[in-house]
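To start, the structure under review is shown below, and the notes come after it.
Position 1 is the first residue of the sequence; numbering continues from there. Any value given below was found using the heavy atoms of this structure, including those in side chains, with hydrogens, waters and symmetry copies removed.
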Amino acid sequence: MKKYLFSAMLLAASFAMAAPTTMLSPDGHLRGSFYLEGGRPTYTLMAEQDTLLRPSHLGLDLKGEGRQLNYEAADFSNRMAARPNGLITGFEIDRIDSTAFAEEWAPVWGEEKLISNVYREYCFTLRQTSPSRYIRIRFRLFNDGMAFRYEFPQLGLNYFTIREELTEFALTGDDVAYWISGDYDTQEYMYTKSRLSEIRGLSEGTRLGNASQRGFSETGVQTALLLKQGDYWLTIHEAACINYATMHLDVDDKQFILRSHLTPDAQGNKGNLQTPCTSPWRTVQVAREAKDMLGNRMTLNLNDPCKLDDTSWIKPCKYVGVWWEMINGKSQWSYTNDLPSVQIGVTDYTKVTPHGMHGATTENVCRYIDFAAEHGFDGVLVEGWNIGWEDWFGHEKDYVYDFLTPYPDFDIERINEYAHSKGVYMIMHHETSGSIRNYERWLEQAYSLMNKYGYPAVKSGYVGNILHGETHYSQWQNNHYLYCITEAAKHHIMVNAHEASRPTGICRTYPNWIGNESAMGTEYQATHGIKPGHTCILPFTRLNGGPMDYTPGIFEMDMSKMNPNNNHHCNTTICNQLSLYVTMYSPLQMAADLPENYERFMDAFQFIKDVALDWDRSWYLEAEPMEYITIARKTKGKDEYFVGGTCGEAARTSMIALDFLPAGKKYVATIYQDAKDAHYLTNPQAYVITQKTVTSKTRLKLYEAPSGGYAISIRPL
């Protein structure tokens, strides 16, 4: 690891300073400016001679100061008419500092072995005279974007409550946006491509029903927000969201200004802070080509280095599990139909009649263990193993699980002994049902049980409303997620959180946070059907802050073949599913389908067995959001490569060069490709597998069917 900190320099110290301070990226391509407009912090961003962000204001509205802003007003001009004091205006510049920084750091796992972190930093210390207090606004300019955050020293501030953060991103016009509707409780929506001016009319129609959802504005959207602005791509997001509420964006569709909108807690507050403290980083990533967005590492770079002394126990994982059969309705999480309600520690499961559809039986789990062992998988996930699933949802129930007690037909000791004898480990499942107090009540014992039986990883879930009026993305709830991660680290446990807040790069600091869902995943294929192109936008948006446990690998698209009462269809081909193991990066990858469905297509299943989880380097070969993505990766520590190409609704021919291979060497490429008559609706299981000798000079012409794709493994000849 290399790190360089170049000379720090005091640029200016003038209370009356009015001229903008110019801020440059290391290569000089991006140029920002910062100044006070009538005492209000203001910034801009340009790329060469092109304006990306017009003058945009910064500040925070504090509870208990001045008049209440009308955030619910439909018209932004009325919403912002009465300004309270807060940390909004009346500032003078007290000091400006600048530094330059460069390092290379090695992630515990990732898309490359080394990540370059190079930026110029500008820190503006601002003094507010009435009342007398200070804040800092720290900017970092990278070659591919700008980031800034608010910092609150203990100078005139001790405790304060945020009523709203007033960060602006003033765009140059009616840009094309790739968005999901703003919501305090879910990101499980399909993306929409539209002009900013069209969001108001489309938003309500994009809000798919969810177990918990709470929209806040017909012009609200979530980050990471991808924008097409003339010749540039912009992504607006946040990094290092710690002890702070998740940020959404509200679109002023008349002036084309995006304004921050923080998730409130149960009292309606947006944050309760104690100095010294900071906000998360607000990020604007910039690229000329869409594919370059996929390699942007700003979000990770803005997080603190790893805080764990020992990371040897954190290992990428490929797994199967008792899960998809419950999602499609072949099996159930529950054990019996006899119980209208359950009281943990009181209800006697030995006195009820099993309904016969419980998926997490000892016999069924051992079948998955055998399959995992035979095909070289690391782990087996089992959902529905613990008592309480008959009465787990919809009642605002506090004491919903104990995370310790298995159903009578799940022999936890025998199962673990059997798994370990086969060289496979078990992956724990903890569904909280939104009862956070109950989960924290049992957390130490639950993690200790995992240690007892050798479970190295847990999938946690937060389905439904968070109890006591909280939401999934409030400051209080975000602190809970991080608490679970830090407690898990003490037990050497990796965490894969579902329904949690979208990642903001914290996995750099705590790499045992090995996966998240936090978006519409494969499960929706079995219950709603996902529109083609969904996996061609997620790498630009959701994956910006960290990997997703998307649970790919579905080979049987007709759900009625497993459950006659389920007539849904997965809108994908087998080769599309194979490609996702490369294009949807995650160190945690599931082969999500049933063993019997893989056994019908073992030649295609070979790619899932072969594909790596951790990488030395990645190349982003071609990409157009919602239409196609092609990525090549080199396996960490090995002379082997994998390529994935996935596409949306329209069939296409992909032309790629293998110039990422070392010159002068020959390799054998195994190509898994859609057949010419493949189609996600009518012929999703049609594919061809070919082999050919390739070199760095080889160019490949590959067909991708509608919602199809291809996958390639490349090994030395």
Side-chain angles (χ1 to χ4, degrees), residues 74 169 171 173-210 212-230 232-238 246-254 256-261 263 285 290 293-294 472-473 502 517-525 527-545 548 550 571-572 576 583-584 623-629 646-650 680 706-707:
F169 305 89
L171 303 171
D174 193 7
D175 295 342
V176 174
Y178 299 76
W179 56 275
I180 55 176
S181 184
D183 199 294
Y184 297 153
D185 278 309
T186 186
Q187 297 117 22
E188 295 180 3
Y189 296 134
M190 282 179 270
Y191 279 79
T192 299
K193 175 185 177 182
S194 77
R195 293 283 179 180
L196 293 168
S197 60
E198 298 172 315
I199 291 174
R200 184 184 299 273
L202 295 172
S203 184
E204 184 62 30
T206 69
R207 296 179 57 78
L208 182 72
N210 194 281
S212 58
Q213 57 187 150
R214 198 179 311 185
F216 62 87
S217 168
E218 59 187 358
T219 54
V221 296
Q222 301 192 45
T223 69
L225 177 68
L226 179 67
L227 299 163
K228 184 66 167 70
Q229 184 187 98
Y232 292 91
W233 293 91
L234 306 179
T235 300
I236 297 176
H237 192 30
E238 61 180 329
T246 295
M247 180 184 74
H248 308 272
L249 298 169
D250 215 349
V251 180
D252 180 339
D253 50 9
K254 295 181 176 59
F256 304 117
I257 298 174
L258 309 178
R259 294 187 173 94
S260 59
H261 181 101
T263 306
Q285 300 173 10
M293 279 296 192
L294 300 177
H472 282 75
Y473 313 140
R502 55 184 171 269
E517 183 193 36
S518 307
M520 180 181 284
T522 301
E523 64 193 75
Y524 279 85
Q525 292 280 21
T527 58
H528 294 76
I530 297 176
K531 293 179 182 178
H534 184 61
T535 52
C536 296
I537 185 60
L538 289 176
F540 289 99
T541 52
R542 161 60 186 79
L543 272 69
N544 187 288
M548 179 178 178
Y550 186 73
N571 296 323
T572 174
N576 176 285
T583 62
M584 290 285 292
E624 182 68 26
M626 284 189 169
E627 296 183 22
Y628 56 86
I629 292 175
T646 184
C647 75
E649 180 74 41
Y680 72 95
S707 198

Shortest non-hydrogen separation from Ala224 to Thr235 and the atoms involved: CB-CG2, 3.8 Å
Asp174 with Arg195: basic N within carboxylate O range, under 4.0 Å: no
Residue pair Gln222 / Tyr189, side-chain donor-acceptor N/O under 3.5 Å: no
CA sep, side-chain torsions, deciding dist, call: Ser518, Arg542, side-chain contact (heavy atoms from CB on, under 4.5 Å): CA-CA 8 Å; Ser518 307; Arg542 161 60 186 79; 3.6 Å; yes
Minimum side-chain heavy-atom gap Thr572-Thr535 below 4.5 Å: no
Flag side-chain contact, heavy atom, 4.5 Å: Ser212 against Tyr184: no
side-chain contact (heavy atoms from CB on, under 4.5 Å) between Ile629 and Leu294, worked out: CA-CA 10 Å; Ile629 292 175; Leu294 300 177; 4.0 Å; yes
CD-NZ distance between Glu627 and Lys193, expressed to the nearest 0.5 angstrom: 6.0 Å
Greater than 12 external heavy atoms within 6.0 Å of Lys228's NZ: yes
Atom pair CD/CG of Gln213 and Asp185 - distance to nearest 0.5 Å: 8.5 Å
Short side-chain donor-acceptor distance under 3.5 Å, Thr263 and His248: yes
Spatial distance of atom CE (Met584) from atom CG (Leu538) [nearest 0.5 Å]: 4.5 Å
Closest non-hydrogen atom pair between Ala623 and Phe540, with its separation: CB-CZ, 3.7 Å
Spatial distance of atom OG (Ser194) from atom CG (Asp175) [nearest 0.5 Å]: 11.0 Å
Min side-chain heavy-atom separation Glu517-Glu188 under 4.5 Å: yes
CA sep, side-chain torsions, deciding dist, call: Trp179, Leu202, side-chain contact (heavy atoms from CB on, under 4.5 Å): CA-CA 11 Å; Trp179 56 275; Leu202 295 172; 3.9 Å; yes
Least distance between heavy atoms, Pro625 atom then Ile537 atom: CB-CD1, 3.9 Å
side-chain hydrogen bond (donor to acceptor under 3.5 Å, both in side chains) partner of Arg502, the single match among Thr541, Asn544, Thr246, Thr223: Thr223
Trace of the side-chain contact (heavy atoms from CB on, under 4.5 Å) decision for Met520 with Leu208: CA-CA 10 Å; Met520 180 181 284; Leu208 182 72; 3.4 Å; yes
Side chains of Glu649 and Tyr680 in contact at under 4.5 Å (non-hydrogen atoms): yes
Flag side-chain contact, heavy atom, 4.5 Å: Leu171 against Leu196: yes
Asp253 versus Thr219, side-chain donor and acceptor atoms under 3.5 Å: no
Separation of Cys536 SG from Glu624 CD (nearest 0.5 Å): 10.0 Å
Heavy-atom side-chain proximity of Asn571 to Lys531 below 4.5 angstrom: no
Min side-chain heavy-atom separation Thr646-Tyr628 under 4.5 Å: no
Rounded distance (nearest 0.5 Å) linking atom OH of Tyr232 with atom CG of Leu227: 15.0 Å
Close side-chain approach of His534 and Tyr524, heavy atoms under 4.5 Å: no
Aromatic plane relationship, Tyr178 with Trp233 - under 30° parallel, 30 to 60° tilted, over 60° perpendicular: tilted
Any donor-acceptor N/O pair, Tyr473 side chain to Thr186 backbone, under 3.5 Å: yes
Backbone of Ser203 reached by a side-chain donor or acceptor of Thr206 within 3.5 Å: yes
